[in-house]
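Throughout, residue positions are numbered sequentially from 1 according to the sequence presented. Model, not experiment: these values are computed from the prediction.
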Amino acid sequence: MLDSEKAGYKSIALDIAQKIVSGEIPVNSKISGRSLLAGQYHVSPETIRKAMGLLKEEKIVSVSQGKEVTILSSSHAYDYITKNNYLKTAYSLKQNLQQLLQEKQAIDRKFDALLIEIIEASDRMQNLKPYNPIELKIGENSKVIGMTIGNLQFWQNTGATIIALRRGIQVSISPGPHVVINEGDVLVVVGDEKIYEQTERFIGSSHS
């Protein structure tokens, strides 16, 4: 099959069955012919024909000589989904990915807004406003991996203050002294104009 058909006719059949069960495609309705379906799923008419053949075998649809597809049963569609619940369609996975990206963007916006609030609300941070917060990613060879924030004595060694820690999509504001530093963590720090050089040298990390 072509690269555009990697999802396979089985995944397309399952996707259509899911739409029938959800009511997106009602029973007794007629769905697009092979050429239109091929355009929707970006596969060849032959792949669509195979997908319709699967659904016809399961008595989910009927296919007329003119290639018109009629929806027969949502219960049979449900049975088909249950029987093939190990399959994940490319279309469902794509929707999940889009949702995760939207959630990540929302978290990033909340983080930026909260960071601004912390700097503006804290009397201590008011004096540091001329200096932008710096993000430092903990590299695989950093000497601080496995140490707690308390053990680091970060302010004493660098003159900078850790105001947040990012670990994947999780954000900890003002992380406590017992938090252990892991590879890949991102420290958000503020201080004077020398903090970039001092903190980078201290943790052996590069500016993200």
If I take atom [atom1] from residue [X] and atom [atom2] from residue [Y], how far apart are they, to the nearest 0.5 angstrom?
X: F154; Y: M147; atom1: CZ; atom2: CE; value: 11.0 Å
X: I162; Y: L187; atom1: CD1; atom2: CG; value: 5.0 Å
X: L136; Y: T158; atom1: CG; atom2: OG1; value: 9.0 Å
X: L165; Y: S174; atom1: CG; atom2: OG; value: 11.0 Å
X: K104; Y: R109; atom1: NZ; atom2: CZ; value: 11.0 Å
X: I107; Y: R166; atom1: CD1; atom2: CZ; value: 10.0 Å

Inset, instruction - Go through the structure and list residues passing salt bridge (Lys or Arg N to Asp or Glu O under 4.0 Å) with K110, not counting sequence neighbours. - result: none
Inset, instruction - Go through E58 and H76 one step at a time and tell me if the side chain to side chain contact (heavy atoms under 4.5 Å, CB included) criterion holds. - result: CA-CA 7 Å; E58 299 292 333; H76 287 171; 5.6 Å; no
Test item: [X] and [Y] side chains (from C-beta on) under 4.5 Å apart, heavy atoms:
X: I134; Y: V190; answer: no
X: I25; Y: I16; answer: yes
X: E103; Y: L100; answer: yes
X: V186; Y: I138; answer: no

Inset, instruction - Any chance you could lay out the salt bridge (Lys or Arg N to Asp or Glu O under 4.0 Å) test for D15 and K19, step after step, and finish with the verdict? - result: CA-CA 6 Å; D15 189 63; K19 290 179 179 178; 3.5 Å; yes
Answer yes or no: is there a donor N or O on one side and an acceptor on the other, between the side chain of [X] and the main chain of [Y], under 3.5 Å?
X: S142; Y: I203; result: yes
X: D185; Y: I181; result: no
X: N157; Y: L152; result: yes

Measure across [X] and [Y] and return the closest heavy-atom pair with its distance rounded to 0.1 Å.
X: I145; Y: G139; answer: CD1-O, 3.2 Å
X: Y80; Y: K10; answer: OH-O, 4.2 Å
X: V27; Y: L72; answer: CG1-O, 3.4 Å
X: A17; Y: L55; answer: CB-CD2, 4.4 Å
X: K143; Y: R201; answer: NZ-O, 4.3 Å
X: A51; Y: I12; answer: CB-CG2, 4.0 Å

Are more than 12 heavy atoms, taken from residues, nucleotides or ligands other than [X], located less than 6.0 Å from that residue's [atom1] atom?
X: F111; atom1: CZ; answer: yes
X: K56; atom1: NZ; answer: no
X: I169; atom1: CD1; answer: no

Inset, instruction - Evaluate the criterion side chain to side chain contact (heavy atoms under 4.5 Å, CB included) for residue pair I60 and I20; output intermediate values, then yes/no. - result: CA-CA 9 Å; I60 298 170; I20 294 170; 3.6 Å; yes
Would you kindly confirm whether [X] and [Y] end up in one hydrophobic cluster when ILVMFWY residues are joined by side chain heavy atoms under 4.5 Å apart?
X: V63; Y: L14; answer: yes
X: I149; Y: V180; answer: no
X: V144; Y: V179; answer: yes

Legend entry - Flag for T148-N151: side-chain donor and acceptor within less than 3.5 Å: yes
Legend entry - Contacts of type side chain to side chain donor-acceptor pair (under 3.5 Å), residue S62, not counting sequence neighbours: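 By the side chain to side chain donor-acceptor pair (under 3.5 Å) rule, S62 matches no residue at all.
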